[in-house]
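Each chain gets a letter, A, B and so on, in the order the sequences are listed, and its residues count up from 1.
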Amino acid sequence: MIEFVLDGRSKVTASVQLVQQVKQALRVGLLVPGDQLPKVRDVAQSLAINPNTVLKAYRELEIEGLVTGRPGVGTFVARTLAGPSLGNQAALREELVAWLQRAQAAGLTAEDVTALVEITMRAILGVEPPSTQITLSPPPPLAVRQAKRREG
Amino acid sequence: MDMALETEGLGKRYGQRWALRDCSLRLPAGRVAALVGPNGAGKTTLLHLAVGLLPPDAGEVRVFGASPYANTSILPDIGFVAQETPLYRDFTAAELVTMGGRLNRRWDAALARERLASLGIPPNKPVGKLSGGQRAQVALALCVAKRPRLLLLDEPVASLDPLARREFLQTLMVSVADTGTTVLFSSHIVADLERACDYLVVLHSARVALTGDVEDLVATHRQLVGPRHDGGPIRGVGQVVRARHTDRQTTLLVRMDGDLGDPLWTMHHVGLEDIVLAYMDDTSNDVTTAQSAWGVSA
């Protein structure tokens, strides 16, 4: 059984966060076929979150064929995302470590690396990297907002 | 779709002053809705009209299709916890559960006892001697024991500390999961609403400023920052909710109706709290009025 957490400052909706956490757990093998997801009622209680939001997340996972709902029993993992990609991860990680060492030697900071990865992901895969969705444009600090209000 | 609560041009007047005006909204069954607005915006009036405690002065209100005023047949379907959770303070929680059984046609005493026990609430202590958080939980448990199809709560968490507030919301969410009841609760604490609610009604100055599905609202509202703007139309922007200007920059909170057509603007996501605040923000008007009243130049 996994336990969900919610990032209150994330710009991603709560139901998307739940979906992402299940997928993450499937990817790293923390959840395997046959495992039960936490009951909707229990998630609603522990996170003080609307049960409709949990249902929505589970429905989405069901549409993707990752879980199946058994009425009155619960929601169970139907398929794993780990599969062959988990086996390939070790080799890819080694290459990434070597690349990161070269990047460091070339004088790139951690932020430079992140920016480069994000731009490249966008260009090659055509998708927005997940990290930018979460940290995208936080609101300006209060002092700035108040200053703007005075100016306006 | 089944509507739990519907109002059409609803209005209520106290003397010359309209406490609620032109209020039209539809709350689909099964939703958890937040009713937000500053003090005096008309939240309590709207709830009292929905429970049938007040007759409307204009328009209509319907709960599951029926007018609630002077209509006892719809009362079993409505649960209402008034502000400050009024309870008979000399009664114990156990006595209140018994009393509820005598006063209601439909009453799930086992549910109330189970809920109160799981919260560690003593059955034999007068509720006046319980903490504010515990009293709120007793009021909620009593209300849920009615098995209402529509649960109306007036500022249930306003006077609670953060821990009690969270515990209250947890109990409320469990009740929704268990019974599928529709909820409308008023609050002026906008934080932690985003998790609990999937529907929003914003009241401001006795009128409905905004209403809709929370995810839709978050998905369609954006903050735009760009060079100073003269107020002309911007492609992709349906409505400008709030505009602020400096001598060279303009910041807009907008509702989008398409893709943004102008690359001059930087687009930012906004959270529910910022959206609500933008719809309630009329400080610029207030400041102008106050400046002239105080004799201060702008």
Side-chain angles (χ1 to χ4, degrees), chain A residues 3-19 21 37-60 69 71-72 74-75 128 130-142 144-152, chain B residues 30-34 118 157 165-183 191-199 213-216 218-219 222-223 225 228 242-251 266-274 277 281 283-284 287 298:
Chain A
E3 190 181 25
F4 291 113
V5 291
L6 281 185
D7 178 359
R9 296 172 64 191
S10 168
K11 296 290 177 204
V12 178
T13 63
S15 72
V16 174
Q17 287 189 47
L18 299 182
V19 169
Q21 279 169 43
L37 293 186
K39 285 200 159 68
V40 172
R41 181 186 195 274
D42 296 343
V43 182
Q45 174 157 34
S46 68
L47 297 177
I49 181 187
N50 190 324
N52 295 334
T53 306
V54 188
L55 282 170
K56 192 174 170 190
Y58 285 9
R59 218 166 27 236
E60 169 127 13
T75 307
E128 205 58 27
S131 65
T132 47
Q133 286 176 2
I134 292 165
T135 54
L136 192 74
S137 57
L142 193 61
V144 176
R145 275 186 273 174
Q146 283 169 344
K148 275 188 191 159
R149 185 176 297 190
R150 275 196 296 274
E151 288 164 30
Chain B
R31 295 304 196 108
V32 180
S118 74
V157 295
R165 195 160 81 216
R166 187 176 165 86
E167 284 171 353
F168 185 91
L169 287 175
Q170 286 175 321
T171 317
L172 182 62
M173 290 304 110
V174 166
S175 304
V176 172
D178 287 347
T179 65
T181 180
T182 310
V183 178
D192 62 38
L193 290 185
E194 197 159 358
R195 285 182 178 194
C197 301
D198 52 22
Y199 207 83
D213 178 90
V214 167
E215 284 200 4
D216 286 350
V218 172
R222 291 287 184 275
Q223 181 143 284
V225 181
R228 194 180 162 99
R242 185 187 58 195
R244 284 182 186 151
H245 307 280
T246 67
D247 52 354
R248 56 182 66 169
Q249 193 188 40
T250 291
T251 306
T266 315
M267 192 159 72
H268 300 272
H269 288 256
V270 280
L272 189 65
E273 185 167 3
D274 289 324
L277 291 175
D281 183 15
T283 39
S284 52
V287 168

Taking all non-hydrogen atoms of both residues into account, name the closest pair between [X] and [Y] and its distance.
{"X": "A:Asn52", "Y": "B:Arg31", "value": "ND2-CA, 4.4 Å"}
{"X": "B:Ala177", "Y": "A:Pro51", "value": "N-CG, 3.6 Å"}
{"X": "A:Asn50", "Y": "B:Ala196", "value": "ND2-O, 3.1 Å"}

Item to check | Test side chain to side chain donor-acceptor pair (under 3.5 Å) applied to B:Thr181 - qualifying residues, sequence neighbours left out | outcome: none
Checklist entry - Who among B:Asp198, B:Thr250, B:Val176 has the most heavy-atom pairs with chain A under 4.5 Å? => result B:Asp198
Item to check | Stepwise side-chain contact (heavy atoms from CB on, under 4.5 Å) test for B:Arg195 and A:Leu6 | outcome: CA-CA 9 Å; B:Arg195 285 182 178 194; A:Leu6 281 185; 3.4 Å; yes
Measuring from [X]:[atom1] to [Y]:[atom2], what's the distance to the nearest 0.5 Å?
{"X": "B:Gln170", "Y": "A:Ser46", "atom1": "CD", "atom2": "OG", "result": "7.5 Å"}
{"X": "A:Gln45", "Y": "B:Leu172", "atom1": "CD", "atom2": "CG", "result": "11.5 Å"}
{"X": "B:Met173", "Y": "A:Ile49", "atom1": "CE", "atom2": "CD1", "result": "9.5 Å"}

Checklist entry - What part of A:Lys56 lies closer than 4.5 angstrom to a heavy atom of chain B: side chain, backbone, both or neither? => result side chain
Checklist entry - Would the number of heavy atoms belonging to other residues, nucleotides or ligands and lying under 6.0 Å from CZ of B:Arg248 be above 12? => result no
